[in-house]
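Shown next, in structure tokens, is the structure this report addresses.
Proteins come first, then strands; the chains are lettered A, B, ... in the order of their sequence lines, and each starts at number 1.
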Protein chains: 2
Amino acid sequence: MDSAKRERLESKGWKVGNAVDFLNLSPEEVLLIEIKLALADSLRKRRQKRMTQAQLAEKLKSSQPRVARAECGDASVSIELLVRAMLATGATPKDIGKAIAVAGKGGNPLPEA
Amino acid sequence: MDSAKRERLESKGWKVGNAVDFLNLSPEEVLLIEIKLALADSLRKRRQKRMTQAQLAEKLKSSQPRVARAECGDASVSIELLVRAMLATGATPKDIGKAIAVAGKGGNPLPEA
DNA sequence: CTCTTGCATATCGAATTTGATATAATCGCT
DNA sequence: AGCGATTATATCAAATTCGATATGCAAGAG
């Protein structure tokens, strides 16, 4: 039953890009990645409702390509940037906390905001 | 009524270290700092219950001085490291989400874990 | 008082993350 | 099909963050 989770991780640059086998990741490393992916998903959904990647990039004083990578959960994007991006969409600490709390649960992706 | 909040921020390296006046920070920048401070507080409380800074540093594959800075909410510590440190104390995404969700509320510091 | 233990501060080269830029792919529309 | 707008991918130098090391400071034990 790890296959779904594993598939989600491998699709981004996480496995090949890091040259580490999924099964060799410690539980903490897996959780960290899942937190990033949860933030990335939430970010994309929030952003799509309000603006374009380029517009968010401007608010963030970053660039559109970096926003794209953030939303993809790319391995080169830090939690720091993900959180700043969330804030730039108007998210509150509560919103961000909720997004993180749910990380690692493969749950239904629909009821997300 | 900003004085309490402001005092909390100024005490760390946030104002002088960054050479930016507190009042010139955007709301998003303030929230980001408050999230870091909330994580830092939570980290210290969790860590103190379980181990020494040096022990946590080893689990983290980091160093005791960096853990100290993390717990102080030092400006040179990223959210990334704070989250990794939380995970290393055994925190779940839920725990981390809760810690972040209360950021910015000057609330009673006692009922924290 | 002296030792030890735990935490804080300073510095520094190495590694990671960043924004910028160029460019390609994709979608919606006519 | 052709076009404009949006998003994805690649590269790279600059900035930030990192771990390591050295050292200072405080509190408790003996």
Side-chain angles (χ1 to χ4, degrees), chain A residues 10-20 26 28-29 32-33 35-37 39-89, chain B residues 10-20 26 28-29 32-33 35-37 39-89:
Chain A
E10 287 187 355
S11 47
K12 330 279 174 166
W14 283 110
K15 184 192 170 196
V16 294
N18 280 354
V20 339
S26 72
E28 291 83 7
E29 289 171 324
L32 185 72
I33 293 175
I35 285 173
K36 285 192 185 189
L37 292 180
L39 282 171
D41 284 357
S42 180
L43 173 64
R44 165 158 283 157
K45 284 166 184 153
R46 290 185 57 88
R47 195 268 311 163
Q48 282 179 335
K49 286 192 198 166
R50 305 157 217 250
M51 55 187 133
T52 185
Q53 286 185 349
Q55 290 170 326
L56 177 56
E58 190 181 2
K59 285 200 181 209
L60 254 181
K61 301 214 221 171
S62 178
S63 59
Q64 176 269 320
R66 191 125 280 269
V67 171
R69 287 188 183 280
E71 290 185 355
C72 286
D74 187 277
S76 87
V77 174
S78 70
I79 291 187
E80 185 95 14
L81 183 63
L82 287 167
V83 169
R84 283 201 287 119
M86 287 285 282
L87 291 172
T89 68
Chain B
E10 288 187 356
S11 47
K12 330 280 173 164
W14 283 110
K15 184 191 168 195
V16 294
N18 279 354
V20 340
S26 72
E28 290 83 8
E29 289 171 324
L32 184 73
I33 292 175
I35 285 173
K36 285 193 183 187
L37 292 181
L39 282 171
D41 284 356
S42 181
L43 172 64
R44 164 158 284 156
K45 285 167 183 151
R46 290 184 58 88
R47 194 268 311 163
Q48 282 180 334
K49 286 192 198 165
R50 300 155 222 252
M51 56 188 127
T52 185
Q53 287 184 347
Q55 290 171 327
L56 177 56
E58 191 180 1
K59 284 200 180 209
L60 255 181
K61 302 215 220 167
S62 178
S63 59
Q64 176 268 321
R66 191 127 277 268
V67 172
R69 286 188 185 281
E71 289 184 356
C72 285
D74 187 277
S76 86
V77 174
S78 70
I79 292 187
E80 186 95 15
L81 183 64
L82 286 167
V83 169
R84 282 202 287 120
M86 288 285 283
L87 291 172
T89 68

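Taking 4.0 Å as the cut-off between side-chain N and carboxylate O, A/R46 and A/E71 do not count as a salt-bridged pair.
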Can you pull every protein N or O that's under 3.5 Å from an N or O on nucleotides 27-30 of chain C?
none

Each nucleotide N or O in nucleotides 12-16 of chain C that has a protein N or O under 3.5 Å away: list the pair and distance.
none

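For the pairing with A/L39, the side chain to side chain contact (heavy atoms under 4.5 Å, CB included) check across A/L37, A/D41, A/I35 returns one residue only, A/I35.
Atom pair B/L32:CG and D/dT17:P shows a separation of 10 Å (rounding to whole Å applied). When rounded to the nearest whole Å, the span between CD of B/Q64 and C1' of C/dA8 equals 7 Å. At whole-Å resolution of the value, CZ in A/R69 and P in D/dA8 are 11 Å apart. What separates CD of A/E71 from P of D/dA8 is a distance of 6 Å, to the nearest Å. For the pair A/D74 CG and D/dT7 P, the computed distance is 17 Å after rounding to whole Å. In this structure, A/R47 places its CZ atom 7 Å from P of D/dA8, rounding to the nearest Å.
A/E80 comes within 4.0 angstrom of nothing in the nucleic acid, heavy atoms only.
Mapped onto DNA chain C by nearest heavy atom, A/R66 and B/P65 fall at different nucleotides, with B/P65 at the one closer to the 5' end.
Residues A/K59 and A/R84 have side chains not in contact (no heavy-atom distance under 4.5 Å, counting atoms from C-beta outward).
With hydrogens and angles disregarded, no donor-acceptor distance shorter than 3.5 Å links the side chain of A/T52 to the backbone of A/Q55. B/R66 places no side-chain N or O within donor-acceptor distance of the main-chain N or O of B/A70, the cut-off being under 3.5 Å.
Listed by residue number, B/K61, B/S62, B/S63 are the residues of residues 53-63 of chain B with a heavy-atom contact under 4.0 Å to DNA chain D.
Listed candidates were D/dC18, D/dT6, C/dA8. Nearest to the side chain of B/R84 is D/dC18.
Phosphate proximity of C/dT18 to A/S78: present, with a side-chain N or O under 4.0 Å from OP1 or OP2.
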